[in-house]
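Scroll down for the structure; my scribbles are underneath it.
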Number of protein chains: 2
Amino acid sequence: MSSMDIERAQLALFTELAEIARTLGSPHRLMLLQHVAQGARSVERLAELTGLSVANASQHLQHLKRNNLVATERDGKRVLYSLAGGPINEVLGALTRLAEHQRAEIHSVISDSFTQRERLEGISREELLERLRDSSVTLLDVRPQEEFAMGHLPGAINIPVEVLEEHLSMLPQDHELVAYCRGPHCVLSTSAVDTLRKKGIKARLLDAGFPEWKAAGLTVETGV
Amino acid sequence: MSSMDIERAQLALFTELAEIARTLGSPHRLMLLQHVAQGARSVERLAELTGLSVANASQHLQHLKRNNLVATERDGKRVLYSLAGGPINEVLGALTRLAEHQRAEIHSVISDSFTQRERLEGISREELLERLRDSSVTLLDVRPQEEFAMGHLPGAINIPVEVLEEHLSMLPQDHELVAYCRGPHCVLSTSAVDTLRKKGIKARLLDAGFPEWKAAGLTVETGV
DNA sequence: CCTTGAATCAATCAATCCATTGAATTATTC
DNA sequence: GAATAATTCAATGGATTGATTGATTCAAGG
């Protein structure tokens, strides 16, 4: 193997990696990905969820598909998009951590870094299972009711973030809360924890979201 | 927090993530990153290493810098670029794994998937340390001599990939070989293992590269 | 202070990307 | 098989990106 070949191989690999990275390099595609990660969705639905035009969403989805980030399946007259296999969540997770790291570095200079440290402190699946067993925490699902109905963690109560402030009374006062939503790169639960902390309620973040939980083969409840 | 705010926060986060992803979305920038990850380098050197023009390399480097992926430092009349802090390698690693996963899926359909499975099977740092202790393996550093001299794993022998085939006789026949180079997303060692396997020599890949080793605080030798 | 070497800036052009529009496919249903 | 609903294709124009060139800044040394 000549050094020429090696350089070509390097370039080929990097070109491949770059193409994937570029595919992730659009806020709209990331949004689509996030929604697709919740389960199979039609193009129309995804367009609605993201506020894009149908044609535009379709094109972005095809872009994602070309790079094997999503898969399609036909269901009657609609096409359902779902997340492709492979460690896609790992990439998004690593990206998010990197972004958070960078943001933290900036903030630690500008702001007093006040609850910054605490904010990022999540609870792991293992710890959660442990604490659920002796029921020392309450699980809070902050996704929209609709998604909650499609499946949620066992024992979780559902209060969408939008209505959280009006429903604080529904929360148990003596338990610590653990909030979760769609995954590590979903801000719903982060917002929720912020809100709760401001009200003086103890709340933490689950490291994972519903998709991760399901993927890990753990039990899931459906319905309201 | 209204649902409007949440959507804005979502969008802001995704825009941030997308920007980082876009920055990684160019083969040339990935190449620069890879070289920069080896240690501080001047613009001219990096241009030379990647085959880019100086001005072009400079611009790409600045792009990387704007997104906090590299840092600069002045040394006399030259500017040295080095890798910024944060989990950058995790992102690249996850990306590489995703790409490999996708490639594996394609190959498993097209080709007979022959040594594909084996190719990806790396040896971990822990296992390596173990096997080095009872010296049942030989470590092979396949980077250029120059980089080897700047630092390498203890006990490693240096045969750059370019000259590997001509120097097979230098290899111990009874030991299994473990090849490593610049990191998980460096193809040098993969090429080397391929070459060796074709010659019927047992060889495996180290999961990590020299930078990871150093970062883990393990001992390092310098000189030739 | 002027020269030299190293890096960056500014301006340009080609190539690509993104959103929009309206037409064309595809599978279903009557 | 015609009508319909869902998605995709094709074409357009505006914005962004990437590489190249030449000029400019910046630090060091005579």
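Worth saying up front: this structure is predicted, and the values here are computed from it rather than measured. Chain A is the first sequence line, chain B the second, and so forth, proteins listed ahead of strands; every chain is numbered from 1.
- Partners of B/Arg78 according to the salt bridge (charged side-chain N to carboxylate O under 4.0 Å, His left out) rule, which considers only residues two or more places apart in sequence or in another chain, do not exist here.
- The side chain to side chain contact (heavy atoms under 4.5 Å, CB included) search around B/Pro87 returns A/Arg97, A/Leu98, A/His101, B/Glu90, not counting sequence neighbours.
- Applying the salt bridge (charged side-chain N to carboxylate O under 4.0 Å, His left out) criterion to B/Arg45, with sequence neighbours excluded, gives B/Glu146.
- Rounded to whole Å, the distance from CZ on B/Arg66 to C1' on C/dT8 is 12 Å.
- Between B/Gln62 atom CD and C/dA6 atom C1' there is a gap of 13 Å when expressed in whole angstrom units.
- Along DNA chain D, read 5' to 3', the first and last nucleotides having any atom under 4.0 Å from a heavy atom of chain B are D/dT17 to D/dA28.
- In this view, B/Glu221 and B/His152 satisfy the side chain to side chain donor-acceptor pair (under 3.5 Å) rule, not counting sequence neighbours.
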Show every donor-acceptor pair shorter than 3.5 Å between a side-chain atom in residues 25-32 of chain A and any protein atom, with sequence neighbours excluded, or say none if there are none.
residue : atom : partner : partner atom : Å
A/Ser26 : OG   : A/His28 : N            : 3.3
A/Ser26 : OG   : A/Arg29 : N            : 3.3
A/Arg29 : NE   : A/Thr23 : O            : 2.7
A/Arg29 : NH1  : A/His60 : ND1          : 3.1
A/Arg29 : NH1  : A/His63 : ND1          : 3.1
A/Arg29 : NH2  : A/Arg22 : O            : 3.3

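- An end-to-end axis angle of 10° holds for the helix from C/dC1-D/dG30 to C/dC30-D/dG1, taken from five base pairs per end and rounded to 10°.
- In terms of the side chain to side chain contact (heavy atoms under 4.5 Å, CB included) criterion, residue partners of B/Ala84 (sequence neighbours excluded) are, by chain and number, B/Ile88.
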Protein-proximity profile, nucleotides 18-30 of chain C, B/S/- by nucleotide at the 4.0 Å heavy-atom cutoff, equals SSBB-----SS--
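- Side-chain contact of B/Gln62 with B/Ser58: a donor-acceptor pair under 3.5 Å is present, judged by distance alone.
- Scored by the side chain to side chain donor-acceptor pair (under 3.5 Å) test, B/Glu16 finds A/Arg103 as partners (sequence neighbours excluded).
- For B/Glu73, there are no salt bridge (charged side-chain N to carboxylate O under 4.0 Å, His left out) partners two or more places apart in sequence or in a different chain.
- Rounded to an integer number of Å, the gap from CZ of B/Arg78 to C1' of C/dT4 is 13 Å.
- Residues that satisfy the side chain to side chain contact (heavy atoms under 4.5 Å, CB included) test with B/Lys77, not counting sequence neighbours, are absent from this structure.
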